[in-house]
Every structure is written in C-alpha cells, then in structure tokens.
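Report on the following structure.
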Amino acid sequence: MDQKNFQKEKKAHWISYDLRDKDEEVKEMQKAEFFTSPDPLIARIKSGEFDRKSFLKLMGAGVAMTSLNCIRKPVEKIVPYVDLNKTDENAQYDFVKHGHSYYYASVYAGTGILVKARDGRPLKLEGNPEHPVSQGALGAAGQASIFDLYDPDRSQNPALIEGGIPVNSDWSAVDAKVKAALAANKGKTVVVTKPLDSPSTKSVIGDFLRTVGGGKHYEISLTSAEEIVSKGQAASYGKALVPNYHFDLANVILSIDCDFMGNWLSGEEHQKDFSKRRNLRNGAQDVNLYIAAESVPTMSGSNAELRLPIRPGDQTKLALAIAAALGELGANTKDALNGATVASLSSELGVSEENIRKTAKALWSNKGKSLVVAGSLAATTKDAVDLQILVNLLNSVLENDGKTVDHSNPKKEGAADYSGNLKSLAAELKTTKVGVLFVNDVNLVYQAGEEWKNLLHQAALVVSLSDRPDETALASNVLATTTHFLESWGDAEVTKGIFSIQQPAIRPLFNSRSFEDSLIAFAGGSLGGETSFYEYVKNSWVKKLGSKQKWEELLRVGTTVRASERKKTTGPSRNFNRSALKKIGASTPGLKLALYETTAIGDGRAANNAQLQELPDPVTKLTWDNCILLSPALAKEKGISSNDVLILKTGNQSIELPAQIQPGMHKDSIGIAVGYGRTSAGAVGTGVGKNAYVLSEGGVYSGIAVTSLEKTGKKYKLATTQHHHMLSPGFNYPDRPLVQSASIEEYRKNPAAGKAPSEIPKILKDGKLVDAVGANPTYPYPGYKWGMSIDLSACTGCGSCVIACQVENNVPVVGRDEVRVGREMHWLRIDRYYIGNPDEPETLQVAHQPMLCQHCDNAPCETVCPVLATVHSSEGINDMVYNRCVGTRYCSNNCPYKVRRFNWMQHWYNGAEGSKAPRYLGLNPEVAVRGRGVMEKCNFCSHKIAEAKIAAKNEGRVLKDGEVKTACQQSCAADAISFGNTNDKTSEVAKLSSGPRSYRVLEYLNVGPQVAYLTRVRSSI
C-alpha cells in the first residue's frame, strides 16, 4: 500500500473483515458503550440447549496469605539478585524483609529472568536486564508461567498408574518399583527428554545411564526449529550448528513462514533486536524494512511492510523465486534455478512478479546488511531442509554470512535429529529392546498419536516424569511427579558460551522432585558422589569458577556473561556448498493445509494456563479455541462465514472445527493451530479445541493436501475480541484516524508527518499560541504528574504487556462464554487494525495499538460517579476506590476509550475456581482483590509508584526518571512504552509526549488524555 497517500486518500484502518463493509452496523457498535454479542447462540449456551462445556471462572483468589508460617523456607541457600551487596563469602546474608519484595535471578526456557518474591512466595516474573539474551524482556508465556506454579491440577504426589488411572503412592514405593525394574533390565534403559540446554542435566543423565548398566538418551521434539536449521547448515557448510541471527544489524529482513519474534529459536531476543531498528526516539533517521512471506499470518508477519501470501508447501518455491530475481541483479544463483524464471515461479506461486523483484532489489541493495530466515512449524514441509539450504544460499550471495548470520558465536553446535530419535525409539519399542523407559516433558501420546499408547506398553516399565497425569503419563506405569522450574535447581547454555543459573524461589509446594533428583534416587541415592541435584550443580560451578564467592556472584547476576559485556562481532564468510542444492519439483494445485503454533499456547504445554488461553491472538484475536483459518476469497467461493463448523479431510484424517475468515492469506491456504484438543491437561485445558497433530503426515506439518472442505450446517461461536470495545472517532472517521501513520521518507522531511490536524483551539498565553486544553489546568499538579507514551512504530502486538498487567494487578480471567459476550477483564488490550484491500492480500498491513485508561485531566468518568469511587489524584492519576464502588457503570458509560471493566461474577470468592489452593498464593498482596459489582481499570500501577516514592522519601530525595516502571512497560520487549513524571521536562516521557510525533487518541473530545501515542513510521518498498 502507498503509505504516502494514506491520509490523503482517507483509507481508514478497519478492525474486522466481517464488519468491513457494514458501515451502519459498525457505527452502532462504536456508539454502544457495552458490547453484547448479537449471536443468539449465547443464549442457547447459557440455557444448556447447546451442548458445550461451560468453563469455570479461573485464576481468582480469596484472601492473600498473611502468615509466614504456612510457607516452607528453602533448605538450600539461594541468593537474591538485588540485595546481595556484600563481598565477604563468610558473611551472613539477611536479605528477606517481611512485607518487602526481593528478587532471585533465574532462567525460563533459556530466557534470563528475575523472580519477584515476598514473604516466601514468588509473585511475578520479569526479564533480567543483565542477561545478554533476554536483555530485560520476557514474553507473554513467560509472564504467565508463574500461574503454572500455583496450578491446583498439578500432581501432588507420585503415583502408580493402574488401568490408565493414577493411584497416589509415596516415593519409597515408587523408587523400589523403578530400582527393581532397572536391576532386571540392565543395559536396556532409555531416557527421553525434550531438547536440553542444561549441561548439568545432560551430565546427570550420562552418569545415571552408566550407573544402571548402560542405555540411551533420546532428545525428542516434534516442533523444534533447531533440527531443520542445523541440518540445513550441515548440508550447506559442512558443520551442523544453529547460528545467531542479528536482526538489529539488518536493514532489510525477509522471513519465509518464520515467526522469529514468536516461537522460533529465541523469540524475546529477536523481538528486542528487531525493535531497536524501529526506535526513532534516539535521533535515528531510518527504520528497517521487513518483508514476510507467509502461509498463515503470524505476530512477526503483522509487523511487515510487505506481505507475500503463499500456499503451504510453496515456501521453497518462494525462496527460489527470490534467488531468480537476485540472479537478474547479478547474484550467482543460476545453479539453483534449473531453468526456472521469475515469471514462471510467480505464476506458480500466485505472487506478483513486481513484489518478488521489489524484495530482491531491497535485499541486493543492502548486501551484508540484510537477513533471510525461514522456519517455524508452518514451514515444516517435505522440503524443509531444502528450504534452509536455499536460505543459506541467499544469505551467502547477499554477503550476510558472518555478519547478520553469526556462525562463529552460534546458539548451538552439533547435529540435532529429533525426528530420527523418535523413529529409533519406536523401532526399539516394537522389537522390545527397551527395558525401563523414562519420559520427561515429552507428550508422545498427545503429539505423536494414539498408537504410542500401545508402543509404550512394549517396554518393561514406563516412568513418566511430569508435573501432572497428562496423556503420556496415563499410558505409563509410574508417574514420578516433577517440580515447577521455580522450585528447581538447574543451569542452561542457551547460546554457546553464555551460561545461566536456574535457582528455586520456593521449596516444592507438593510432594514432588525434580527430574534430576528422581534420576539420582533411582540410581541408588547418589551420582558422581552427590546426593542431590543442588549439590551437583553447585559443586560443578564452584569447580569451574574457582571459588564459592564467584558461585554466589553467579547466582546474584544469573549469567556468566552480562548484557553489557556481550559483543556482536562479524566473522569470516563460509564457502557455500553448491552441491547441496536440489531440484525443486513443481507445486501441486489445490487446497493445502499448514499447522502452526500460536505464541500463547505453543505446542500444547501451556494448555492448562487460563491466562494464555484467554490472551487474544495478536492477529486473529481468538481466545480459548483453535479453528480453521481461511482467506476471504476461499470463503466467498465456498459460501463460508466465520463460525460455520467445517469438516476438513486430508489423505487419512479429518477434523471438525469452526471457521474464521482471516485476511492476508493465500486463496489456497488453510491454517489450523496445534496445542489444543488436550484430553488430560487439567480443569482449564482439557477439551479446549481439537487436536490438529493428527493431521500431520510423518513429521510434515505444512503443505498437506486437503481432499475436502465442507460445511456441516452447524454453528459454533468463537470467542474473539475483534468486535469488542470499538472506539468511535466521530462521524468524519477518516479525518480522525486512531492509528496515525507516515512513511520514513515523509518523517525525514517532517517529523510530524502523518498526524491528523489538531482540533484543539489555540489561545494566547505568555505571548505564544498554545492548546486551550491544558493551558489553564483546574489543578496545578505541583509535584509529580504521571503520564505515558506508546511508540506505535515499535509495538509488535505480542501481548506480553496484557499478561504482565494481569499478573501484577490480580486481573481475573472469565472463561470462553463470558468472552463471547464481551466481558473479558483485561485492563490493557491491543487493538488490531488492517490497512489495505482484503481482496488483494499483498496490499495488507497490520497496525497494533495498545489501549488502556488514558487518565484524562478532564476525565468524563469522574463527573458521573454518584459515590466518588473514581476520583482524580493530586498526581494526575484517575484512581479507583473499590470499596466505594456500587457498580452503577455510569463511568463505563461515559468512557470514550471503553477501557473500564465491570465484575459480573465472583471470580475470586465463595468457592470460585480461582480461590482453590494453592492458586490464591499467586495473588499480589499490594493490589486489592475486587469482587462482583465493582468497576476496575488501569491505575498506572499506583502501588509501584507508592513503593518507589516511599523509598525515595526515606533516602531524602525525589524520584529519578525511569525509577518507576509500570508492569506493561517492564515486560515490553520492543521498549515501546515510556512512563514517568511529565512535570519533569527532562524526563523521557515528557520529551516524547511533547515531541513532533506525539498525538492523543480522541483528543478532540477535550478530555485531556495523559497517554501520548507516537506515530507509526514505516519503510517504503
């Protein structure tokens, strides 16, 4: 789309395909203060006529724990991140102050984190700014993982599985049973784990297998991108490794079905680096250009300037087309083409020649400063390795190898053959070569198919090391209950040479053991002379570091290399092995299916996490279910509407799911998310959606031929938030865009480009014309005045801010049925808008806009509250006094931003699901818990402001800029949110809020919003 003429041509952003051409319906929804679903199906669900499970009200809690006596203190010495400021290794550390927060450094899925704890219980996870990988970021899944610790559906004891039913046991009985089986099956032990990045865990497994007479260790993952990347690198350069991809060094990026800011390799790191190149707040005059070729729209792809919709299975063809276009510009790609041309490939792909050549030209003009990546589950076709080889060719001819593709400091070295390990395990089970099989954190029965129930029974004894009786555990003989990562010791090498320590923040809540401690117990009580994994990790690192003091310093910092110490260096380019190139066959016509992972639920491990189930997907805005995604063109051809239940058939399998029309998809593309359809996840995740893993074909997840797609005649109302809380800019909609955009060329000429003309009248003050609003405030705000700035150029729409706000402020989830009628409780939402023509998917762009309480100076909600429950503070915050609120909802009726939430249910009290132990232990004691009949909303994390002000007052000083960070700001990997005292004209937020790119949404209403948005600036192609 031509952004330059966007405002001039009055091309409005549109929020939903289903409502795009229904102007009258949209106006009515914009005018409506409270969203009510127009679908009569809701009434049928409520009455029970429609046979769907009603979901429990989740994740609430009763009264926060006030006694320390019910929390068991950790036995081992764990060292907090902030409070360890002594150097004497013999000193006594008294860092726990009752009623005060303290922090531990740890690691989550390779991401360095800080664990905020109080009075013995972890409350919040935050990114560790000292960690070179996370750089202070933590995504939505990491933020929500704190609730997995307090999940009441975790197994509370080890169990023996009898007829598929777990029977509680004790560790002595479990250990005796496993030891007897090990003694009777020497040399036939097999340990199955997910891909490991912990050197200590690998060492324990090796010691264990040697102790019990030998055996094998198989790392298995059905969705990991590492295997395909390393195989492609081995074929291309002769050495298997996973490079580091430096998105911050790339002027132009091409991704081919690669959600690199989501679940691909190192999402938070990539998002952090990508957003550095969209930060115009530091005086930069340029932003990166991002082109995404996708079969299913992703969160990463929603940030692209140019999207190339492709059919599943055509990913390799797209890479070949780019190679052909680069060949026209002088690149040496002829031996890869086998006579194919841009014209022939364009026709086969259904992608315009113009856009293919534009992409190639942008890459070629930035040789050495561009980057091509491919991967993710949706790119796991039969040609997945060939796709990686072609990507390596493109990076080689573009001179990116050794620069933006860092092979000298790789993430991992060595070949990964996870799919081969799965086949080997199946073959050994069929030939009864397995004695005792240990399965840790790999759900074979759910992901690999029901036939694994029978395969597992071929082993003499199957021990599932899991935190719950999942599908694989129920097909095992023994459930050796494992701890949560916040209850466990460990270490990780997420990038070669960068080590992180995982330390527990609480003693195990239940009668559980870590995977490693169970192996030590099964081996007879010691391995390598150590009787616990804590001793194993500690002694190993004391030996490596040379002293106990350095070990404690490592615990304090959390990593061996700090963010400030990590240097990104360029290395020599490698010689690409052209003999690895293979001829790519012709595409077959017809509908093709791509399975994909969502950023929230992933491969299904997070299915029982209510916060993630209710987090709206960044692109589809879907919660609580998976569905069949299809393009508007295909829907029109087949007469399909969103919520129609379809039956999709492939060669050997079928699945029945509701449809959702998704703009931006290729006409012959269909997408279904995996991770749903769990049968034994817990009260939250069991029965949510359908299991799409059954549609995979021998490890192929994309390019699967669809033999039929038919309507069943049934309807199923998907719980999407697309149409909820729609803002009304007024009758002249195009003149008041909610998201204001400009091209980088326009920005260079005029930093205020793209802003709609202000409708605020000017008055003369001190000899200057100034805005009438705010020129003579009714209250002078002599001290602090808090405000926020949100950079729309940087925001990626990932949703981590939504979850961070939910965790910090005890915001409940409400369940699928309540979301259907617009009753989700999120204080912060991300509005997603499309730009372009849905009938021309290559023209589409996506804009994300976080929307929260604007803390208006002239707040219309305050004047209508009959009981003064919502009032303006002396520091400019629109406060809520919850114990005054009587629930008239007048304030919500008067809020033009539709950001106030009403409690319809007792999510926290009277036996509600959220009040079950130990769920309530995860509540933040600094924030009031709200009950039914009360309005609530964002308060700029006023408890954090108060805490920081008290600390500053005790030290006899004023707050420094940046000292207070809201939960949403702290979690934002894109650094899109700034917060602070706008009275301090030297503060970052004051400068940004008064800068040329700053504007206020619906400012013309004269409400004086204190949240400033910075215009969305994009590259042109």
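Partner Met788 forms a side-chain contact (heavy atoms from CB on, under 4.5 Å) with one of Ile977, Thr982, Leu992 and no other, that one being Ile977. Screening Cys895, Cys853, Cys938 for a side-chain contact (heavy atoms from CB on, under 4.5 Å) with Asn878, the sole residue that qualifies is Cys853. Under the side-chain contact (heavy atoms from CB on, under 4.5 Å) rule, Val819 has a single partner from Met825, Glu614, Gln613, which is Glu614.
Side-chain atoms of Lys944 come within 3.5 Å of backbone N or O of Lys965 as a donor-acceptor pair. Side-chain atoms of Glu963 come within 3.5 Å of backbone atoms of Lys960 as a donor-acceptor pair (strictly under, hydrogens ignored).
Residue pairs meeting the salt bridge (Lys or Arg N to Asp or Glu O under 4.0 Å) criterion with at least one partner in residues 969-992, sequence neighbours excluded, are Lys272-Asp975. Among residues at least two apart or in separate chains, ring-ring contact (aromatic ring centres under 6.0 Å, His included) pairs with a member in residues 851-881 are His855-Phe940.
Between Val864 and Asn893, every side-chain heavy-atom pair lies at or beyond the 4.5 Å cut-off. Within the 4.5 Å cutoff, side-chain heavy atoms of Ile830 are placed close to those of Val802. At a threshold of 4.5 Å between non-hydrogen side-chain atoms, the residues Tyr890 and Pro866 count as touching. Tyr897 is not listed as a side-chain neighbour of Leu852, based on a closest heavy-atom distance of 4.5 Å or more. Within the 4.5 Å cutoff, no side-chain heavy atoms of Trp827 are placed close to those of Val899. For the pair Asp791 and Arg281, the minimum side-chain heavy-atom distance is below 4.5 Å.
Remark: Arg889 qualifies as a cation-pi partner of Phe902 under the 6.0 Å distance and 45° angle criteria applied to the six-membered ring.
Salt bridge annotation for Arg930-Glu936: present, with a cationic side-chain nitrogen under 4.0 angstrom from a carboxylate oxygen. Between Glu926 and Lys124 no salt bridge is recorded (no basic side-chain N to carboxylate O distance below 4.0 Å). Salt bridge status for Arg829 with Asp831: present, with a side-chain N to carboxylate O gap under 4.0 Å.
With a 6.0 Å radius and a threshold of 12 heavy atoms from other residues, nucleotides or ligands, Lys276 has its NZ atom above the threshold.
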*Applying side chain to side chain contact (heavy atoms under 4.5 Å, CB included), run through Leu738 and Leu1002 and close with a yes or a no.*
CA-CA 8 Å; Leu738 302 172; Leu1002 304 184; 3.9 Å; yes
*Under the side chain to side chain contact (heavy atoms under 4.5 Å, CB included) criterion, do Arg832 and Gln722 qualify, and how do the steps go?*
CA-CA 8 Å; Arg832 178 229 56 209; Gln722 264 179 209; 3.2 Å; yes
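With rounding to the nearest 0.5 Å, the separation of CZ in Arg1016 from CD in Gln740 is 12.5 Å.
The two atoms that bring Pro618 and Gly797 nearest to each other are CB-O, 3.2 Å, heavy atoms only.
A donor-acceptor pair shorter than 3.5 Å can be found between the side chains of Asn609 and Asp148. Under 3.5 Å, the side chains of Arg884 and Thr870 contain no donor-acceptor pair of N or O atoms.
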